[in-house]
Amino acid sequence: QLEPLREMAVGGPNPAARLDLSTRETVRATALSVESHGWASWARIDQGSAAWSYLIYKIIGEDSVRGDAMPPGGEISLEDQQIIRRWIDAGAKVDPDEDAP
């Protein structure tokens with residue numbers, strides 16, 4: 001289930017920076033190994049490494065990230081942050097028959 005990511009999926013048909021976390025397909029197309037707009041040469045989601053994934057720093061509200069923290073207008077619980085970190089560290093799989101957050 002991609003519920004913690006879906007909580008961040010706001011923006012309607014034109015999400016900010018073209019990052020769409022609403023479905024497995026759009027996570028795959030717009031986040032996995034896609035270069036971030038905030039930190040050059042960092043992936044939005046670096047499959048296998050939450051520590052090198054720009055998305056994590058957007059979620060925790062790191063001061064040096066561009067734009068607002070994610071999700072806009074809210075926060076991801078610490079529990080959901082850990083779920084997302086573990087999922088990324090485990091390879092950020094988004095195949096329908098794989099476990100995902």
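The model shown is predicted, which means the values in this text are computed figures rather than measured ones.
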>> Are more than 12 heavy atoms, taken from residues, nucleotides or ligands other than W52, located less than 6.0 Å from that residue's CH2 atom?
In response: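 No, not enclosed.
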> For S33, which residues count as a side chain to side chain contact (heavy atoms under 4.5 Å, CB included) partner, sequence neighbours excluded?
Replying inline: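 Listed in chain order: Q47.
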> Who are the side chain to side chain contact (heavy atoms under 4.5 Å, CB included) partners of S41, not counting sequence neighbours?
Replying inline: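 Partners of S41 under the side chain to side chain contact (heavy atoms under 4.5 Å, CB included) test: none.
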Under a 3.5 Å distance rule, please check whether [X] uses its side chain to pair with a backbone N or O of [Y] as donor and acceptor.
X: S77; Y: D80; result: yes
X: W87; Y: Q82; result: no
X: S36; Y: Y54; result: no
X: R28; Y: V94; result: yes

Supply the atom-to-atom distance [X] [atom1] to [Y] [atom2], rounded to the nearest 0.5 angstrom.
X: I59; Y: R85; atom1: CD1; atom2: CZ; result: 8.0 Å
X: I60; Y: E75; atom1: CD1; atom2: CD; result: 12.0 Å
X: L19; Y: T30; atom1: CG; atom2: OG1; result: 5.0 Å
X: I83; Y: L78; atom1: CD1; atom2: CG; result: 11.0 Å
X: L32; Y: I45; atom1: CG; atom2: CD1; result: 5.0 Å
X: I84; Y: D89; atom1: CD1; atom2: CG; result: 12.0 Å

> Would you call the rings of Y57 and W42 parallel, tilted or perpendicular if under 30° counts as parallel and over 60° as perpendicular?
Replying inline: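 Geometry flag for W42 against Y57: perpendicular rings.
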> Please walk me through it: do K58 and E62 pass side-chain contact (heavy atoms from CB on, under 4.5 Å)?
Replying inline: CA-CA 6 Å; K58 289 289 284 186; E62 169 68 35; over 6 Å; no
>> The test is side-chain contact (heavy atoms from CB on, under 4.5 Å); show your working for H37 and R44 and say whether it passes.
In response: CA-CA 8 Å; H37 291 211; R44 288 174 169 177; 3.3 Å; yes
